[in-house]
Amino acid sequence: MHQLLSLAVKTLILTRHVCLAFPRDIHASQTLSRAQDVDSAYDYVIIGGGTAGLTVADRLTEDGKTTVLVIEYGQLSDSALIKTVQGGFSGMDTQFLYDINSVPQVNLKNRTTAVLIGKVLGGSSAVNAMMTVRGTSEDYDRWGSFFGNHSHWSWQGLLPYFKRALNFVPPNADVTKESNITYEKSFWGGTSGVYAGWPSFQYPATAAQISAFKGIPGVEFPVDSGSGKPGVYWYPTFMDPKLVERSYSRTGHYDGKNRSNYDLITESKVTRIILNGTTATGVSFVHGSAEVETVVNARKEVILAAGGIHSPQILQLSGIGPSKVLAAAQINTVVDLPGVGQNFQDHPMLQSMYQYRNLKLRPSGDDLFSNATFINWASTVWASNRTGPYSIATGNAAAWLPFPVVSSKSADIAAQLLAQDHASTLPAGTDPTVVAGYRAQMQSYASALRGNGTAFYNSVFTGGSSSGILVDLHPLSRGSVNIDPADPQGREPLVDYRALSNPLDVVIMTELMRFSRRFYMNNTLTKGWSPVEIIPGNKVVSDREFADYIVDSLSPTEYHPVGTCAMMPREMGGVVDEELKVYGVKNLRVVDGSIMPTLPGGNTCQTVYAIAEKAADLIRFGAPVVV
Ligand SMILES: Cc1cc2nc3c(=O)[nH]c(=O)nc-3n(C[C@H](O)[C@H](O)[C@H](O)COP(=O)(O)OP(=O)(O)OC[C@H]3O[C@@H](n4cnc5c(N)ncnc54)[C@H](O)[C@@H]3O)c2cc1C
Ligand SMILES: *[C@@H]1O[C@H](CO)[C@@H](O)[C@H](O)[C@H]1NC(C)=O
Ligand SMILES: *[C@@H]1O[C@H](CO)[C@@H](O)[C@H](O)[C@H]1NC(C)=O
Ligand SMILES: *[C@@H]1O[C@H](CO)[C@@H](O)[C@H](O)[C@H]1NC(C)=O
Ligand SMILES: *[C@@H]1O[C@H](CO)[C@@H](O)[C@H](O)[C@H]1NC(C)=O
Ligand SMILES: *[C@@H]1O[C@H](CO)[C@@H](O)[C@H](O)[C@H]1NC(C)=O
Ligand SMILES: *[C@@H]1O[C@H](CO)[C@@H](O)[C@H](O)[C@H]1NC(C)=O
Ligand SMILES: *[C@@H]1O[C@H](CO)[C@@H](O)[C@H](O)[C@H]1NC(C)=O
Ligand SMILES: *[C@@H]1O[C@H](CO)[C@@H](O)[C@H](O)[C@H]1NC(C)=O
Ligand SMILES: *[C@@H]1O[C@H](CO)[C@@H](O)[C@H](O)[C@H]1NC(C)=O
């Protein structure tokens, strides 16, 4: 293991915006037995040892020379809860999560929502549900389109980094054959320390559910989840297939690196970026319960990788953000950057539950909860060989469908979207540049709604008789993440999803729900399984009734916070440019989920890894070398 710097450095910062260098011998006085010292300066200081942060740290230190310090708020944990794949959710334990609730959602009867993000070394990759998916090619081409026609942010420009990001290990031959799993290795790489693996077992109902979509006109069945095409397909799990344990940024990009140029300090909260004028020169942080701040200098760059909720917070605390927000919190504006913390997006989730009363396929996912013989067998094969149903995280197949396939209203809704007064669905007083960026996004979404290259509908197959969650992959509403003026340093930021603030989101979600009803209740291929609708129930029929149901039950988050440090032109409310450099600041980049200008049509983790891999090349070589 390389240096784990877990120490309190008791040094007082006397003035803000002044950077102090500390000689090494000060740190040598620290007490923790295995601790090494934080140097006074590194080439790169990375804020956040999460999914992106550790990926970039690993790549930058590969040369054995470039020095990097990663500062992570969470602890380094070897808990079995993180490693366990079974069920996919054991890492989602409060000890590894921030304690944040959203502000009341005015369009959801003032409900608040828990904002789940990982607070542990590895960040959200340590706690997520391990679904390993990408968006469609159109999702990534959309990012580049905001910069014109020749951006290297495109499907073609990212594909090499998707390949570098993950080490794909195919499912075993038996399960591949039994379940008709298809994959195409050309979409994957085999060098990363982060694995895309597969369980050694699948329920027959999963393959049957895939086949059930053959009755729906227009549904495609791409051969691989990494193809960039929407449709119904199998996808892998963030799992080391040998250990049958979670594979995440810590196991892939920190453990075993043992590089003297790669330092990490955990349980350390970054309070702000140190700026000399408009040049980032270092980072200020507080270790553990210490009451003093420590400054570490960055000789080359500061890299902000604190995720979609905390990266905008740290920028704002450092005087980089919308001047109105900063003024309200009594923070001097160093760079007025109106987009910081705006353009906030996450995937909304709806409950939409159907059950096959006569699904004769056995074993089924239900057996793992109700059939003692099956549970016994599952436990035995897991205990002896780490095989069987307990090697499944949250499942490996789902539908990701374009809007014209699920709704006949696509042209109509697209036209309504184009005709909207786009500023009217954003908060009053939103900066004109942010409005311009939103308008460009909505124009792109209008053509996405009409076409078949962007997925809007997502439902995941369980392998059992019932299915529950439906996801809107491209919400139109935009929220915000701003520092809390009441106590900007002490409190978590104010997280406002502004769910349903664009009224067309309800219209789109209603169409997604109606499609689920048709798929389950009016599908000749599954009639024999006796489907019944449980939620929302057949009393919900009219537009009004669906709207009421959505207001009552919507979750505004699938824990995929993005957009708050958007990579867009500055005149479109962007926060970072195509090199991920923060506008108006020297030597500062953002590398994490917050830079996505729009959500991909899929869970976000694999995309974050690809962004981080690409960013590492932009930082090291000044260009995406593998393109
Ligand atoms: C419960 C849950 C389930 C999910 N399921 C899936 C899934 O199945 N598939 C999928 O693809 N995606 C999933 N996601 C989303 C995915 O994991 C995230 O999009 C991705 O990991 C985010 O990476 P990131 O680098 O942007 O941020 P993170 O990985 O969250 O990293 C940010 C890091 O910065 C640290 N940090 C923050 N503030 C500070 C500070 N002030 N000082 C020091 N450190 C700080 C944090 O502690 C954290 O370690 C899920 C997420 C959650 C929370
Ligand atoms: C939500 O809260 C706001 C502000 O407190 C209040 O004006 C409004 O009436 C509330 N709405 C509901 C449905 O309770
Ligand atoms: C991009 O290409 C489209 C069509 O190919 C063209 O209409 C448009 O002018 C181009 N935009 C820029 C900024 O070059
Ligand atoms: C697998 O595919 C074959 C050929 O298309 C089909 O006959 C069989 O029913 C499928 N099996 C499953 C489990 O879907
Ligand atoms: C999209 O798919 C639908 C359903 O198959 C089809 O009716 C429509 O023509 C397709 N649209 C485009 C633009 O290809
Ligand atoms: C780590 O590196 C040090 C110094 O190069 C070496 O002594 C040690 O054996 C290495 N540890 C591991 C686990 O490789
Ligand atoms: C800030 O930058 C100026 C100009 O480059 C330099 O002269 C000065 O020493 C710097 N101040 C600090 C505290 O680093
Ligand atoms: C329970 O599981 C066993 C083993 O898979 C199976 O043989 C049996 O039919 C199942 N029982 C019921 C009631 O489904
Ligand atoms: C474990 O795997 C070995 C080797 O494949 C096999 O012989 C054994 O039967 C397996 N154990 C169980 C309980 O399935
Ligand atoms: C059910 O499917 C049939 C045949 O495809 C179709 O004619 C009918 O309109 C559908 N009914 C509903 C309620 O969607």
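For the numbers below, each heavy atom of this structure counts, side chains included, while hydrogens, waters and symmetry mates do not. All ligand and atom numbering here is 1-based and tracks the order in the structure. Because the structure is predicted, anything quoted here is derived from the model rather than measured.
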task: Before signing off on this row, confirm whether Arg450 and ligand 5 have an N or O atom pair separated by under 3.5 Å.
output: no

field: Test item: Thr557 and Leu116 side chains (from C-beta on) under 4.5 Å apart, heavy atoms
entry: no

message: If we only consider heavy atoms of Val133, is any one of them less than 4.0 Å away from an atom in ligand 1?
response: no

statement: atom 10 (C) of ligand 1: closest protein heavy atom, distance to 0.1 Å, is Asn603 CB, 3.2 Å

task: Provide the number and element of each atom of ligand 1 under 4.0 Å from a heavy atom of Leu116.
output: 53 (C)

Neighbour count above 12 (heavy atom, 6.0 Å) for Asp99 CG: no

query: For Ser125, is the nearest heavy atom under 4.0 Å from an atom of ligand 1?
result: yes

field: Within-cut-off N or O pair, Tyr73 and ligand 1, under 3.5 Å
entry: yes

message: Give me the residue, atom name and distance of the protein heavy atom closest to atom 9 (N) of ligand 1.
response: Met131 O, 2.9 Å

query: Where the side chain of Arg246 meets the backbone of Ile82, is there a donor-acceptor pair that is under 3.5 Å apart?
result: yes

task: Using distance alone, decide if ligand 1 has a nitrogen or oxygen within less than 3.5 Å of any nitrogen or oxygen in Ile47.
output: no

message: Under 3.5 Å between any N/O of Cys605 and any N/O of ligand 1: does that happen in this structure?
response: yes

- request: Go through ligand 1 atom by atom and flag the ones less than 4.0 Å from a non-hydrogen atom of Ile71.
  value: 43 (C), 44 (N)

statement: If we number the atoms of ligand 1 from 1 as shown, the ones under 4.0 Å from a heavy atom of Asp592 are 25 (O), 26 (O)

- prompt: In the protein, which heavy atom is nearest to atom 49 (O) of ligand 1, and how far is it?
  reply: Glu72 OE1, 2.6 Å

- prompt: Take atom CD in Glu220; do more than 12 heavy atoms of anything else shown fall under 6.0 Å from it?
  reply: no

message: Evaluate Ser311 against Asp592 for side-chain hydrogen bond (donor to acceptor under 3.5 Å, both in side chains), listing each step before the verdict.
response: CA-CA 8 Å; Ser311 283; Asp592 59 27; 2.6 Å; yes

- prompt: Polar-atom distance check: Val608 versus ligand 1, any N or O pair below 3.5 Å?
  reply: no

field: Matching residue for Phe168 among Trp188, Phe238, Tyr195 - test: ring pair (Phe, Tyr, Trp, His ring centres under 6.0 Å)
entry: Trp188

message: Rounded at 0.5 Å granularity, tell me how far OG in Ser79 sits from CG in Leu81.
response: 3.5 Å

message: Using a 4.0 Å cut-off on heavy atoms, what residues surround ligand 2? Order them by chain and number.
response: Asn110

- prompt: What residue and atom, counting heavy atoms only, is the protein's closest point to atom 42 (N) of ligand 1, and at what distance?
  reply: Val270 N, 2.8 Å

Enumerated ligand 1 atoms positioned under 4.0 Å from heavy atoms of His310: 37 (C), 38 (N)

statement: Atoms of ligand 1 under 4.0 Å from any heavy atom of Gly118, numbered from 1 in the order shown, are 46 (C), 47 (O), 48 (C), 49 (O)

message: Looking at Gln105, is its backbone amide N or carbonyl O close enough to the side chain of Arg498 to form a donor-acceptor pair, meaning the two atoms are under 3.5 Å apart?
response: no

query: What atoms in ligand 1 come closer than 4.0 Å to a heavy atom of Thr604?
result: 10 (C), 11 (O), 12 (N), 15 (C), 16 (C), 18 (C), 19 (O)

message: Going by the closest heavy atom to atom 30 (O) of ligand 1, which one wins out of Gly123, Ser124, Ala612, Ser311?
response: Ser124

message: Given the ring of Phe162, does Arg134 sit roughly above its face, with NZ or CZ under 6.0 Å from the centre of the six-membered ring and within 45° of the axis?
response: yes

- prompt: Side-chain donor-acceptor pair under 3.5 Å between Asn107 and Ser501, yes or no?
  reply: no

- prompt: Under the ring pair (Phe, Tyr, Trp, His ring centres under 6.0 Å) criterion, do Tyr254 and Tyr262 qualify, and how do the steps go?
  reply: CA-CA 9 Å; Tyr254 175 75; Tyr262 181 170; 5.7 Å; yes

field: Where ligand 1 meets Gly48 - atom numbers and elements under 4.0 angstrom, heavy-atom basis
entry: 34 (O), 35 (C), 44 (N)

- request: Find all atoms of ligand 1 within a distance of less than 4.0 Å from any non-hydrogen atom belonging to Gly307, and give their numbers and elements.
  value: 26 (O), 27 (O), 32 (C)

- line: Min over Lys269, Met596, His560 of heavy-atom distance to atom 15 (C) of ligand 1 lands on His560

- prompt: Are any of the N or O atoms of Gly593 closer than 3.5 Å to those of ligand 1?
  reply: yes

task: May I ask you to decide if the ring planes of Trp143 and Trp153 are parallel, tilted or perpendicular, using 30° and 60° as cut-offs?
output: tilted

query: Any idea which atoms of ligand 5 are less than 4.0 Å away from a heavy-atom of Gly218?
result: 5 (O)

- prompt: Are any of the N/O atoms in Gly74 less than 3.5 Å from those in ligand 1?
  reply: no

message: Suppose we measure from atom 23 (O) of ligand 1 to each protein heavy atom; which comes out shortest, and what is that distance?
response: Thr51 OG1, 3.1 Å

query: Any idea which part of Leu97 is under 4.0 Å from ligand 1, heavy-atom wise: side chain, backbone, both or neither?
result: neither

query: Strictly under 4.0 Å, does any heavy atom of Phe285 approach an atom of ligand 1?
result: no

task: Working to the nearest 0.5 Å, report the span between CG of Asn101 and OG1 of Thr112.
output: 4.5 Å

- prompt: In this structure, are over 12 heavy atoms from other groups packed under 6.0 Å from Lys163 atom NZ?
  reply: yes

- request: Say whether Ser516 and Tyr457, considering side chains only, have a donor N or O and an acceptor N or O under 3.5 Å apart.
  value: yes

- request: Would you check, one step at a time, whether the test side-chain contact (heavy atoms from CB on, under 4.5 Å) holds for Met596 with Val608?
  value: CA-CA 9 Å; Met596 300 184 200; Val608 170; 3.6 Å; yes

message: Pairing donors with acceptors under 3.5 angstrom, does anything connect the side chains of Gln351 and Ser553?
response: no

query: Judged by non-hydrogen atoms, does Ser268 sit under 4.0 Å from ligand 1?
result: yes

- prompt: Given Asp224 and Tyr235, is the side-chain hydrogen bond (donor to acceptor under 3.5 Å, both in side chains) satisfied, shown in steps?
  reply: CA-CA 7 Å; Asp224 192 284; Tyr235 56 83; over 6 Å; no

- prompt: For ligand 1, is there an N or O atom under 3.5 Å from any N or O atom of Lys119?
  reply: no

- prompt: Is the backbone N or O of Gln316 less than 3.5 Å from a side-chain atom of Arg272, with the two atoms forming a donor-acceptor pair by type?
  reply: no

- request: For atom 25 (O) of ligand 1, grab the closest protein heavy atom and report residue, atom and distance to one decimal in Å.
  value: Ala52 N, 3.0 Å

message: Suppose we measure from atom 39 (C) of ligand 1 to each protein heavy atom; which comes out shortest, and what is that distance?
response: Tyr98 OH, 4.0 Å

Distance from atom 4 (C) of ligand 1 to nearest protein heavy atom, with residue and atom: Asn128 CB, 3.1 Å

field: Heavy-atom side-chain contact between Phe456 and Leu449 under 4.5 Å
entry: yes

query: Do the rings of His347 and His560 sit parallel, tilted or perpendicular, given the 30° and 60° boundaries?
result: perpendicular

task: For Asn343 and Gln345, test the side chains for any donor-to-acceptor distance below 3.5 angstrom and give the result as yes or no.
output: yes

